[in-house]
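One structure is given here, and the rest of the page talks about it.
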Protein chains: 2
Amino acid sequence: MEFDLGARLRSLREQHGLSQRELAKRAGVTNGTISMIEQNRTSPAVGSLKKVLDGFPIGLSEFFASDFSSRQKIFYDHEELTRISDGKIAYRQVGRDLTGKSLQMLHEIYAPGSDTGRSMLSHQGEEAGVIVKGKLEVTVGTERRILKAGDAYYFESHRPHRFRAIGNEEVVVVSACTPPSF
Amino acid sequence: MEFDLGARLRSLREQHGLSQRELAKRAGVTNGTISMIEQNRTSPAVGSLKKVLDGFPIGLSEFFASDFSSRQKIFYDHEELTRISDGKIAYRQVGRDLTGKSLQMLHEIYAPGSDTGRSMLSHQGEEAGVIVKGKLEVTVGTERRILKAGDAYYFESHRPHRFRAIGNEEVVVVSACTPPSF
DNA sequence: TTTTTATGTTTAAAATACTAAACAATCCGC
DNA sequence: GCGGATTGTTTAGTATTTTAAACATAAAAA
C-alpha cells in the first residue's frame, strides 16, 4: 500500500481546522512549503516535516503509522502440520494457507547446535514464543539471552533477531507472529 | 528526549551488519548520503530516508518509534510471565502490557478435568494453539475433537469455542491470538 | 457591486540535500 | 613490512527543496 504523504498532511491540517498559512506560522515554515508538500511536489526534509507536525502537535511516528487495523480446517494432528524445512530446523506450521490471515503459529524443532544463521532476520510485525524443551539462545538487536523450557520472548519483528540451539539436546519451541512472515 | 536520527540509522545499520556502501547499494543512494545522515550533517528528504529504510527493511513509523521498542522487555523467565488466574486454568501471558500490540501469547495449564466453561467463548480475531502435554478437548462451533501433545488448532475467534482437559493429568498448551482478547 | 480579507497556488532566488569521486584510515593476506 | 581491499569521511558540482513574493480565486463586508 502506498503512503500518500501529501494527502495525509492535508487531511491532518483540515481536521485541525487550520489554513496553510496558520499552520506555516506555527511551524516556522512558509505556506508555499506546505502547499508543495500537500501536492506531493516535493519530498520534504525530515526536519521540515517535523517542524510542520510540531504545529499540531503530532510525532513523526504517529504521522507515518498507517492504521493497519487489522469452511476451514480447525484441528491438526501433529503429522498433519505443514512442514517447512529450513536446514537443521524443522518448522511445522499450524494451518495450511494463511493468505488473508493475520496470525501464524509454528511448532519448531531445532537440531542440536542449529541456528537461524548469522545474517539476522528482520520483517514486519510482532512475534513471541515459548520454549517447550531444551535451551535456546535468542538474540534481539544487541540483547542476548539463553532461555530454557517454560521461558518466553516477545519483540517487534523489525528488530534483527537470531535463534540458536544450545547444548546437545534438540530444542522445541512454539512461536507465533503477526502477520505471517512466510 | 531528542530524537537522534543519525545515531538511530547508524545503530540500525550496524545491527544488521551492513556497511554504508552495502546499505547504499540496496537503497539506491550513495554511501556519502548515508554518511552525512549518520553524522546529522543533513536532514534527509523523507523520500531518501524511506529508500534507505527499505534496505533493512523497516517502515518510517517504526523508525521514528525508536526507543519504545528498545526499552521493552524481551525475555521472560517462566516465573516472570504475567499470571492470569481463571479458576482451575492457570494462564501465563508472554509480555506485560499489550496495549498497542497485536499479538498475545499464552502458556496455559489446565488442571485435570478443568474447562473454559459451558458458555462458549467468542470474540474478534484469530487464534491458534499447540498442545504440549496431556489431552485437550476442543470444541469450535459444532465441531469437536480431542487433541494430544504435538497436535494443534487454528480458527477464527468469532466462532464459539470451548476447551476442556481430558484424563487425569494436567494439560499444557501454548496458544496465541490476534488481537489480544483480554 | 466594490472592497477587503482570506484562501491555495505558482515562480525566481536562496538554501540545502544528493551525487560522484577523491581522500584517509583500517584490516587482512602474503 | 607491503599491497590490496574495505571501511567511513570529505569535497565540488548538480539536483532538489525552501523561501519570499506575486498571483489567482473565493468568500465576506461595505
Side-chain angles (χ1 to χ4, degrees), chain A residues 2-64 66 117-120 122 139 141-142 159-160 162, chain B residues 2-64 66 70:
Chain A
E2 205 50 51
F3 183 80
D4 186 340
L5 193 151
R8 174 106 171 89
L9 178 60
R10 173 156 294 174
S11 162
L12 253 176
R13 179 174 62 79
E14 289 173 346
Q15 281 177 24
H16 285 254
L18 296 174
S19 71
Q20 290 182 343
R21 280 181 170 80
E22 286 172 323
L23 176 57
K25 192 172 182 182
R26 288 199 200 185
V29 300
T30 58
N31 59 307
T33 299
I34 295 190
S35 178
M36 298 292 263
I37 294 173
E38 290 187 350
Q39 297 171 80
N40 287 316
R41 290 165 61 100
T42 66
S43 174
V46 169
S48 303
L49 182 60
K50 174 145 190 0
K51 282 200 282 186
V52 172
L53 296 182
D54 283 346
F56 290 134
I58 176 184
L60 287 160
S61 174
E62 292 152 278
F63 180 79
F64 286 113
S66 52
R118 205 167 54 80
S119 65
M120 309 266 275
S122 180
T139 308
T142 57
R159 308 188 65 185
R162 178 183 186 179
Chain B
E2 207 48 49
F3 184 80
D4 187 342
L5 194 152
R8 172 97 173 101
L9 179 60
R10 174 157 292 173
S11 164
L12 254 175
R13 180 174 61 78
E14 288 174 345
Q15 282 181 20
H16 283 259
L18 296 174
S19 70
Q20 290 183 341
R21 280 182 171 78
E22 286 172 323
L23 176 57
K25 193 172 181 182
R26 288 199 199 185
V29 299
T30 58
N31 58 306
T33 299
I34 296 191
S35 178
M36 298 292 262
I37 294 174
E38 289 187 350
Q39 297 170 82
N40 287 316
R41 289 164 61 98
T42 69
S43 173
V46 169
S48 303
L49 182 59
K50 173 141 188 12
K51 282 200 284 186
V52 171
L53 296 182
D54 283 346
F56 289 134
I58 173 183
L60 287 160
S61 174
E62 288 134 302
F63 179 78
F64 288 114
S66 71
S70 56

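Below, chains carry the letters A, B, ... as their sequence lines are ordered, and counting in each starts from 1. Since the model is a prediction, treat every value here as computed from it, not as a measurement.
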A/Gln20 CD - D/dT18 P separation (whole Å): 14 Å
Gap between atoms CG and P, on B/Leu49 and D/dT17 respectively (whole Å): 14 Å
Integer-rounded Å distance: D/dT10 C1' and B/Ile34 CD1: 16 Å
Residues B/Asp4, B/Arg8; criterion salt bridge (Lys or Arg N to Asp or Glu O under 4.0 Å); working and verdict: CA-CA 6 Å; B/Asp4 187 342; B/Arg8 172 97 173 101; over 6 Å; no
Closest heavy-atom pair and its distance - A/Asn31, A/Gln20: O-OE1, 4.0 Å
Protein-nucleotide distance (B/Glu38, atom CD; D/dT7, atom P), rounded to Å: 13 Å
Integer-rounded Å distance: D/dT19 C1' and A/Met36 CE: 11 Å
Touch class at under 4.0 angstrom, heavy-atom based, for A/Thr33 against every strand present: base
Presence of B/Arg13 side-chain N/O under 4.0 Å of D/dT7 phosphate oxygens OP1/OP2: no
A/Thr42 side chain near D/dT17 phosphate (N/O to OP1/OP2, under 4.0 Å): no
5' precedence on DNA chain C between B/Val29 and A/Arg41 (nearest-nucleotide basis): A/Arg41
OG-CE distance between A/Ser48 and A/Met36, expressed to the nearest 0.5 angstrom: 12.5 Å
A/Ser48 side chain near D/dT18 phosphate (N/O to OP1/OP2, under 4.0 Å): yes
Rounded distance (Å) that lies between atom C1' of D/dT18 and atom NZ of A/Lys50: 19 Å
Presence of B/Ser19 side-chain N/O under 4.0 Å of D/dT7 phosphate oxygens OP1/OP2: yes
Student check: side-chain heavy atoms of A/Leu9 and A/Pro44 closer than 4.5 Å: no
Sugar-phosphate only, base, or nothing, as touched by A/Gln39 at under 4.0 Å among non-hydrogen atoms: sugar-phosphate
DNA chain C: 5'-most and 3'-most nucleotides touching chain A, 4.0 angstrom heavy-atom criterion: C/dT7 to C/dT10
Protein-nucleotide distance (B/Leu9, atom CG; D/dT9, atom P), rounded to Å: 12 Å
Gap between atoms CG and P, on B/Leu23 and D/dT6 respectively (whole Å): 17 Å
Pairwise side-chain contact, B/Glu62 with A/Phe64, heavy-atom cut-off 4.5 Å (strictly under): no
Test item: A/Val52 and A/Phe63 side chains (from C-beta on) under 4.5 Å apart, heavy atoms: no
Verdict with supporting geometry, B/Leu60 and A/Phe3, side chain to side chain contact (heavy atoms under 4.5 Å, CB included): CA-CA 10 Å; B/Leu60 287 160; A/Phe3 183 80; 5.5 Å; no
